[in-house]
Amino acid sequence: LFPMQIEKVYEPRRFEPHWAQWWIDSGVFHASVESSAPVFSLVIPPPNVTGSLHIGHMLEHSEIDVTIRWHRMRGENTLWLPGTDHAGIATQMVVSRKLAEEGINYRDLGREEFEKRVWQWKAESGDTIKRQMIRLGASCDWSRERFTLDAGLSRAVREVFVRLYEKGLVYRGEYMVNWCPQCKTALSDLEVAHVATAGHLWHIQYPVNGMPGRYVVVATTRPETMLGDTAVAINAKDARYADLHGRTVQLPLMDREIPIILDELADPAFGTGVVKVTPAHDMNDFEAGRRHKLPLIQVIDENAAMTPGAGPYAGLDRFEARRRVLADLEDRGLLVKTEDYALNLGTCQRCKTPVEPLVSKQWFVKIKPLADKAIDAVETGRIKFIPANWSKTYFEWMYNIRDWCISRQLWWGHRIPAWHCGNCGEVMVAREAPSACAKCGAARLTQDTDVLDTWFSSGLWPFSTLGWPDRTPDLAKFYPTSLLITGFDILFFWVARMAMMGIEFMDGEVPFREVYIHGLVRDAERQKMSKTRGNTIDPLVVTEKYGTDAVRMALLQGAAPGTDIVLTEERMASSRDFANKIWNAARFLFLNMERSGVDPWVPDSLETFRPEAEPGQEVPIEDRWIFSRLNAAAAQANRAIEQYRYHEAAQALWHFFWHEFCDWYVELKKLRFRENSGLDAGWRNMLAAFETALRLLHPAMPFLTEELWQRLKGQAPRPASIALAAYPQPRGELADAAADAEIETLQEIVTMARTLRAESKLDPKQRLSGVLYSRGPALDVARRRAEAIEKLANAGLQYKAEAAPQAPAMRSTAEFDLVLELPQAQQDAQRKRLEKDRDQLARNIANSKRQLSDDVFLGKAPPQVVDSIRSKLAGYEEQLRKIEGALAGTA
RNA sequence: GGGCCCGUAGCUCAGUUGGUUAGAGCGCUACCUUGACACGGUAGAGGUCGCAGAUUCGAGUUCUGCCGGGCCCACCA
């Protein structure tokens, strides 16, 4: 019969996703989905849906997975979740690890050897490369540069680059870029992290030529750059320096004569109003230098060492040079002031090295035309952010966007499809390597050694993965995507760029219609979890400890839109308890099935099943009730997930299963098992309800529900997995107000009795006796449920349709008065409670009366609000009367 | 400097268009090892919703200011 020796305690690690493995292999899903599978679950796509998950933090995928499962179970087919090219990330992570183990800097290998090794390792590790990546995930620094081996993607990247170039949107220029001396590459603005640093502002005297004794004082945070000064700037309107117009100063240490220029760069209100101008090492100065046609003197090189241009300081590290420059200035009495100064130091996002602004030749994307279209897409609502306020952040960035430096001096990445002529220096951009120089015909061509910013290729993901530039059926079907779920931390890096690239290359069509921004997972100290910080909760560890489903549930409960997700062990533990609760509810079911000789059973049609009755009998009230509640839970869950309110869905499911199904339904069912044998209506209803509840829970807790669902397998043909079954939808005909009311009455009476018992400090095993008084119709309901009341409250009650006496041990609702026979000593314990209730009621009555005597309120408030207060007041007054009676009785 | 978000029970957080006595989980108290579950059950205690105004018949919810905390963007020496 049942195979099961069901252990008492739910064992998290019991559930391995083995059952779904086959499906992935035959699905049309992109293979990259596997990458997150071992951590949370296998994502089972609808057959007509494609998609993929990006590699963010694994823990942030629960929302994505819930959404996918929910869509799948509802048979919807337009969901598509783009991801980055994982193969590249995985490869890069593994390769860099392996090289590090061998003590090799990848740059020392030579590009050919490097590529050879990558291919070799890739072949060796096969598909386990992704698994390796996940295991590394917790501690591995996730470099965003990577070596991409995907030929299709490479083709799309080249195509886009060439097309942008042809439109004049890609250009190569000498420009100031953020240079990381450690990574030895240019960085885009976004890759520079500004870190608040305590620094100094040094005030230095520059003597003015031809005016003995006249100095200008410049203030700088980087004195070593003065070696490359080619001017000092003053503001034309600054009266203090009017006499210096047209003069020159003598640059100390270098003994170079440099002009005093008039430029807006100098703000008379800041510092001394005099600015040193170092066009080769400062963005502002670079532009000022262009305006005034100043020479560029590079004094710091790409290794952050001083160049020959720095004269006597050549060869020194930039910080050593700073110390020497300051010392030398001090010696000459030119350092007039040193003050503390807080500055935001630009550092490399990846290696934290202070970046060095350097002038170099780089490739840029002229971004404004692309950005304008992407702005329009959000303004017109073709792309919608959820929560909506993220669109403000998006606009903020898009309106202030600057040209995008896309070349990187790294080896992993897509190589820029540009060739340089060794003869005449001509630069050619082409899809394939040209055989000869287009200008001079020489055959000595070399490909540009730079690679593209990783986000350049990532930005093409929505269409490059679907076969673009070919017009494939996939592309037609799955572009655009309905939904992108992602974290705000890559809103600019990736989301905005996907939007820009998608619109540009897909005839103006956006890549996705909705962008759901989930919260970032934070640890108990509210630190953002990220691989670069190394404070990640290792999903493999916590899923081992609490179970995958419990971790998911814990995440979902914290996943309110617009907030961070705080993941604590406490919450995971309590979710584990919830999983155990379900597990044991199932255990109860299975053990009793065995006892009653009931076979596994599910109805033929899950969508039309309604609680059944035995011939000649009524449908059991608890069955009517649980289906009504199930229906309400289905309505809540569907609505919540649809609106990305995952925490609401989680709470609704939790409440339904624990506090309705387990606390009341199962308890009521226990009363029936004695009389039951065989698969009667009571059993059928219960099994159907449980089966439906499992499906309802499935997106949130896939493994546990799958396991139990498989054990419920009956005769009816069913899908191979619960993930392929239908998600329960609200069905109006299941809502049963009468059953809801009847069980609610039952709950009220049972709770009253239990409360009285607990407050009177009575032994739970002692059977109580008492009388339930009511003059309303609800007494009949209570009489009908007398047996359940007796069992659940362990009390034998009489039911009287009369007013309650002035009894001491009494609990009241508007409808009922329950009077228990208690020993005198315990009756006194009731006084406190009654007095408290009386005070609360008095407050409520006062409030209601005040409102009802307010003509303005009566005139302006909607009638139903006034009515509800009237009936409320009547109820309060009735209860107060009873309590005062009871208090009189105890006196 | 610009922008965004947060401040609700001891802790971590919900609270969708303003409308009953503001909720959950954990923790806490008392009792119960009852036959699914002690990762359990029953019953409780605990909050002037950061502060001050404004709008409204009515504000945790809308507006303004302030205080406190966080994040993002930014070339001011």
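Throughout, a chain's letter reflects where its sequence line sits, starting with A, and its residues are numbered from 1.
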Original post:
With a 4.0 Å cut-off on heavy atoms, is A:Lys765 in touch with a base, just the backbone sugar-phosphate, or nothing at all?
Top reply: sugar-phosphate
Original post:
Pick the nucleotide of RNA chain B nearest each of A:His647 and A:Ala219; which residue has the one closer to the 5' end?
Top reply: A:His647
Original post:
What is the nucleic acid contact for A:Arg402, judged by heavy atoms within less than 4.0 Å: base, sugar-phosphate only, or nothing?
Top reply: base
**OP:** Remember a base hit wins even if backbone is also touched, and classify A:Glu264 as base, sugar-phosphate or nothing at under 4.0 Å, heavy atoms.
**Re:** nothing
Original post:
Which whole-number value in Å describes the distance from A:Leu792 CG to B:G41 P?
Top reply: 15 Å
Original post:
Is a side-chain N or O of A:Asp854 found less than 3.5 angstrom from the main chain of A:Arg850, in a donor-acceptor match?
Top reply: no
**OP:** Answer with base, sugar-phosphate or nothing: what part of the nucleic acid does A:Thr393 contact at a heavy-atom distance below 4.0 Å?
**Re:** nothing
Original post:
Is A:Gly273 touching bases, backbone alone, or none of the nucleic acid, heavy atoms closer than 4.0 Å?
Top reply: base
Original post:
Are the side chain of A:Arg757 and the backbone N or O of A:Asp763 linked by a donor-acceptor pair below 3.5 Å?
Top reply: yes
Original post:
How is A:Ala266 classified with respect to the nucleic acid when contacts are heavy atoms under 4.0 Å: base, sugar-phosphate, or nothing?
Top reply: base
**OP:** Just call it for A:Leu841: base, sugar-phosphate, or nothing, with non-hydrogen atoms closer than 4.0 Å on any strand.
**Re:** nothing
Subject >> Residue A:Trp658, side-chain heavy atoms: nucleotide from B:G40, B:C5, B:C75 that is nearest >> reply: B:G40
**OP:** Using the P atom as the reference point in each nucleotide, state the distance between B:U33 and B:U16 in Å, no decimals.
**Re:** 43 Å
Original post:
So what does A:Ser848 touch, heavy atoms closer than 4.0 Å: a base, only the sugar-phosphate, or nothing?
Top reply: nothing
Subject >> Nearest-Å distance once atom P is located in both B:C49 and B:A22 >> reply: 11 Å
Original post:
Roughly how far apart, to the nearest Å, are B:G50 and B:G7 at atom P?
Top reply: 7 Å
**OP:** With C1' as the reference atom in both, quote the distance from B:G70 to B:U48 in angstrom, rounded to an integer.
**Re:** 27 Å
**OP:** In whole angstrom, give the distance that lies between atom CD of A:Gln864 and atom C1' of B:U20.
**Re:** 13 Å
Subject >> Protein-nucleotide distance (A:Asp854, atom CG; B:G19, atom P), rounded to Å >> reply: 18 Å
Subject >> Pairwise C1' distance for B:U12 and B:C28, with rounding to whole Å >> reply: 16 Å
Original post:
Roughly, in whole Å, what's the span from OH in A:Tyr241 to P in B:A77?
Top reply: 17 Å
Original post:
Given atom CH2 of A:Trp179 and atom P of B:C75, what is their separation to the nearest angstrom?
Top reply: 20 Å
**OP:** Report the distance from atom CG of A:Asp577 to atom P of B:A38, rounded to the nearest whole Å.
**Re:** 11 Å
Original post:
Would you say the base of B:C39 and the side-chain of A:Arg576 have a donor-acceptor pair closer than 3.5 Å?
Top reply: yes
**OP:** Answer yes or no: is there a donor N or O on one side and an acceptor on the other, between the side chain of A:Asp403 and the main chain of A:Phe364, under 3.5 Å?
**Re:** no
Original post:
Which part of the nucleic acid, if any, lies within contact of A:Tyr394, taking any heavy atom under 4.0 Å across all strands shown: a base, the sugar-phosphate backbone alone, or nothing?
Top reply: nothing
Original post:
Which part of the nucleic acid, if any, lies within reach of A:Tyr876 when heavy atoms closer than 4.0 Å are counted: base, sugar-phosphate only, or nothing?
Top reply: base
Subject >> Base B:A36 to side chain A:Glu667, donor-acceptor N/O within 3.5 Å cut-off >> reply: yes
Original post:
RNA chain B in dot-bracket, Watson-Crick or G-U pairs under 3.5 Å, [ ] crossing, | other strand?
Top reply: (((((((..((((.....[...)))).(((((.......))))).....(((((..]....))))))))))))....
Original post:
Whole Å only: how far is the CG atom of A:Asn584 from the C1' atom of B:G41?
Top reply: 13 Å
**OP:** Give a yes or no on whether the backbone of A:Val217 and the side-chain of A:Thr272 come within a donor-acceptor separation of less than 3.5 Å.
**Re:** yes
Subject >> Spacing of the P atoms in B:G19 and B:C37 (rounded, Å) >> reply: 43 Å
Original post:
With a non-hydrogen cut-off below 4.0 angstrom, is A:Trp202 in contact with a base, only sugar-phosphate, or nothing?
Top reply: nothing
Subject >> Close side-chain approach of A:Trp683 to A:Asn592, heavy-atom, < 4.5 Å >> reply: yes
Original post:
Between A:Trp397 and A:Trp390, who's closer to the 5' end of RNA chain B by nearest nucleotide?
Top reply: A:Trp390
**OP:** Would you verify whether the NZ or CZ of A:Arg322 falls within 45 degrees of the ring axis of A:Trp202 while also being under 6.0 Å from that six-membered ring's centre?
**Re:** no
Original post:
Whole Å only: how far is the CE atom of A:Met553 from the C1' atom of B:C39?
Top reply: 15 Å
**OP:** For the residue pair A:Met226 and A:Thr220, establish whether any side-chain heavy-atom pair is separated by less than 4.5 Å.
**Re:** no
Original post:
Can you find a side chain N or O atom of A:Thr755 that sits less than 4.0 Å from OP1 or OP2 on B:G44?
Top reply: yes
**OP:** Please work out if A:Pro862 contacts a base, only the sugar-phosphate, or nothing of the nucleic acid, heavy-atom cut-off 4.0 Å.
**Re:** base
Original post:
Which part of the nucleic acid, if any, lies within contact of A:Ser868, taking any heavy atom under 4.0 Å across all strands shown: a base, the sugar-phosphate backbone alone, or nothing?
Top reply: nothing
Original post:
Is there a donor on the side chain of A:Lys581 or the base of B:C37 sitting less than 3.5 Å from an acceptor on the other?
Top reply: yes
**OP:** May I ask you to say what A:Asn844 touches in the nucleic acid, namely base, sugar-phosphate or nothing, with a heavy-atom cut-off under 4.0 Å?
**Re:** base
Original post:
Without hydrogens or angle criteria, can the side chains of A:Gln840 and A:Arg843 be said to hold a donor-acceptor pair below 3.5 Å?
Top reply: yes
Subject >> Donor on one side chain, acceptor on other, A:Gln851 and A:Ser848, under 3.5 Å >> reply: no
Original post:
When you compare B:C39 with B:C26, how far apart are their P atoms, in angstrom units rounded to a whole number?
Top reply: 13 Å
Subject >> Same-atom distance (C1') from B:G3 to B:C11, integer angstrom >> reply: 32 Å
Subject >> Ionic contact status for A:Arg711 with A:Glu707, cut-off 4.0 Å >> reply: yes
